[in-house]
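Written out below as structure tokens is the structure these notes cover.
Residue numbering restarts at 1 for every chain, and letters A, B, ... go by the order of the sequence lines. Being a predicted model, the structure only gives us computed values, none of them experimental.
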There are 2 protein chains.
Amino acid sequence: MPILSIGALAKATDVKVTTIRFYEQIGLLPEPLRASNDRRVYDERTLSRLAFIKHARQLGFAVDAIRTLLQLSDHPEQSCEQANLLAAEQLAAVDSKIARLEALRGELQRVVSAACQGRVSDCRVIEVLSDHSHCAAEHDAPSALAS
Amino acid sequence: MPILSIGALAKATDVKVTTIRFYEQIGLLPEPLRASNDRRVYDERTLSRLAFIKHARQLGFAVDAIRTLLQLSDHPEQSCEQANLLAAEQLAAVDSKIARLEALRGELQRVVSAACQGRVSDCRVIEVLSDHSHCAAEHDAPSALAS
DNA sequence: GCTTGATCCTCTAGTGACTAGAGGATGCAG
DNA sequence: CTGCATCCTCTAGTCACTAGAGGATCAAGC
């Protein structure tokens, strides 16, 4: 079983060293063995686990959801109902983000196409921003847009 | 000129009281006059300014961009080039977020459609998450997806 | 006048998922 | 042996708020 330093693990997974330590801190990665010089020592199991985490993050899963998914993959005898549910929820969240962003895009296109060459005093961009009633459709706060 | 309490301003703009104080703290809103009992007192100019801020936030503009836009609208004799630029940048950012999210959606749809009824040991959701090579296309980290 | 509940004040700390930096120890190559 | 890379811990910063403590004041109803 080949042995990896934190730097080697970082390079192999394209996850930053500080992020690996962070994942350990919040309990996504187990505390690794330490070499005599106190440095972290990893094996390939941690590499797969980190790859799993990275992939799930890329798909937009929250850390809490990933924690659940990891527990499931650690206990393969369990039902995978929960994993299916999490994936479906994530898909729904992505769908709704896309819908919101598309509404915003429409609004912004109207703003941009109204761009003027003159002074701010007759600038459509500022004017449209000043007056919500110019908007064709309602657009909600982007609070739910964060990934 | 009618006079507004912070609560009335909050109600009129649908922005939370704490958020209004926060905007004052970071300099998006000017420090208001105070009544004898130390309470904030607003006029309609602040109401428009806050409506402007809210609308721009809904469109996904960052606070720094809004600061610039507010400066522009405070000085109508300036060229509106910068406002046009900011709007175009914001549109490009939204476009790229949508593109990323659509790639994620495709991936997630594949994950969800592979949902199984059995045990985790043969669960496609977990398996697909474990192995990036299952992915049809590259999908980047969602770090740039935050609104 | 008294109580009750809403509103207001300041200040601090928490959110999520990292990222950056201080300040120092160790390892390795030339 | 001299750099420079890598590693360690710990703290604080990012963004745009949000929540709560702990208290003062106000308006309405009895």
Side-chain angles (χ1 to χ4, degrees), chain A residues 3-29 31-42 50 52-70 90 93 97 140-147, chain B residues 3-29 31-42 50 52-70 90 93 97 140-147:
Chain A
I3 272 176
L4 295 164
S5 70
I6 194 170
L9 183 61
K11 214 168 272 176
T13 54
D14 199 30
V15 172
K16 290 189 182 147
V17 167
T18 47
T19 305
I20 295 173
R21 284 195 280 249
F22 171 73
Y23 285 160
E24 178 185 330
Q25 198 188 319
I26 64 174
L28 280 194
L29 291 177
E31 290 191 17
L33 296 172
R34 298 288 183 129
S36 57
N37 52 15
D38 208 35
R39 300 194 171 188
R40 289 168 177 84
V41 164
Y42 298 98
L50 184 51
F52 183 104
I53 294 169
K54 191 199 176 191
H55 194 192
R57 285 292 301 136
Q58 285 178 325
L59 290 172
F61 286 89
V63 162
D64 264 2
I66 297 175
R67 225 185 293 271
T68 304
L69 290 170
L70 282 169
Q90 183 58 25
K97 278 179 207 168
D140 280 352
S143 59
L145 290 177
S147 75
Chain B
I3 272 176
L4 295 164
S5 71
I6 195 170
L9 183 62
K11 215 168 272 178
T13 54
D14 199 29
V15 172
K16 291 189 183 146
V17 167
T18 47
T19 305
I20 294 173
R21 286 197 279 250
F22 171 73
Y23 284 161
E24 177 186 331
Q25 197 188 317
I26 63 172
L28 280 193
L29 291 177
E31 290 191 15
L33 295 173
R34 298 289 182 127
S36 57
N37 53 13
D38 208 35
R39 298 191 173 191
R40 290 168 176 83
V41 163
Y42 297 99
L50 184 52
F52 183 104
I53 294 169
K54 191 200 176 189
H55 194 192
R57 284 292 300 136
Q58 285 179 324
L59 289 172
F61 286 89
V63 162
D64 264 2
I66 296 176
R67 226 185 292 271
T68 305
L69 291 170
L70 281 170
Q90 183 58 27
K97 277 178 208 169
D140 280 351
S143 58
L145 290 177
S147 73

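- Checking the phosphate oxygens (OP1, OP2) of D/dA16, no side-chain nitrogen or oxygen of B/Tyr23 falls inside 4.0 Å.
- The shortest non-hydrogen separation linking A/Ile26 to A/Arg67 is O-NH1, 2.5 Å.
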| field | nucleotides 6-12 of chain C: protein proximity per nucleotide (B base, S sugar-phosphate only, - neither; heavy atom, under 4.0 Å) | value | -BSSB--
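- To the nearest angstrom, P of C/dC18 lies 11 Å from NZ of A/Lys54.
- To the nearest 0.5 Å, atom NZ of residue A/Lys11 and atom CG of residue A/Leu4 are 11.5 Å apart.
- Distance, A/Leu9 CG to D/dT6 P: 15 Å, rounded to whole Å.
- Between the C1' atom of D/dA19 and the CZ atom of B/Phe22 lies a distance of 14 Å, rounded to the nearest Å.
- The listed nucleotides are C/dA17, D/dC17, C/dA20; the one nearest the side chain of A/Arg57 is C/dA17.
- Between A/Val41 and A/Pro32, the shortest heavy-atom distance links the atoms O-CB, 3.6 Å.
- To the nearest angstrom, C1' of D/dA19 lies 10 Å from NZ of B/Lys16.
- With a 4.5 Å cut-off on side-chain heavy atoms, B/Ile53 and B/Val15 do not count as touching.
- Using a 4.0 Å cut-off, some side-chain N or O of A/Thr19 falls inside it from OP1 or OP2 of C/dT19.
- Atom CG of A/Asp64 is separated from atom C1' of C/dT15 by 12 Å (rounded to the nearest Å).
- As a whole-Å value, the separation of B/Ile26 CD1 from D/dT14 P is 12 Å.
- In this structure, CD1 on A/Ile3 lies 13.0 Å from CG on A/Leu9, to the nearest 0.5 angstrom.
- The CG-P distance, from B/Leu50 to D/dC17, rounds to 11 Å in whole Å.
- Computed from coordinates, the B/Asp14 CG to D/dC17 P distance equals 13 Å when rounded to whole Å.
- When the side-chain hydrogen bond (donor to acceptor under 3.5 Å, both in side chains) test is applied to B/Arg40, the partners found at least two apart in sequence or on another chain are B/Glu24.
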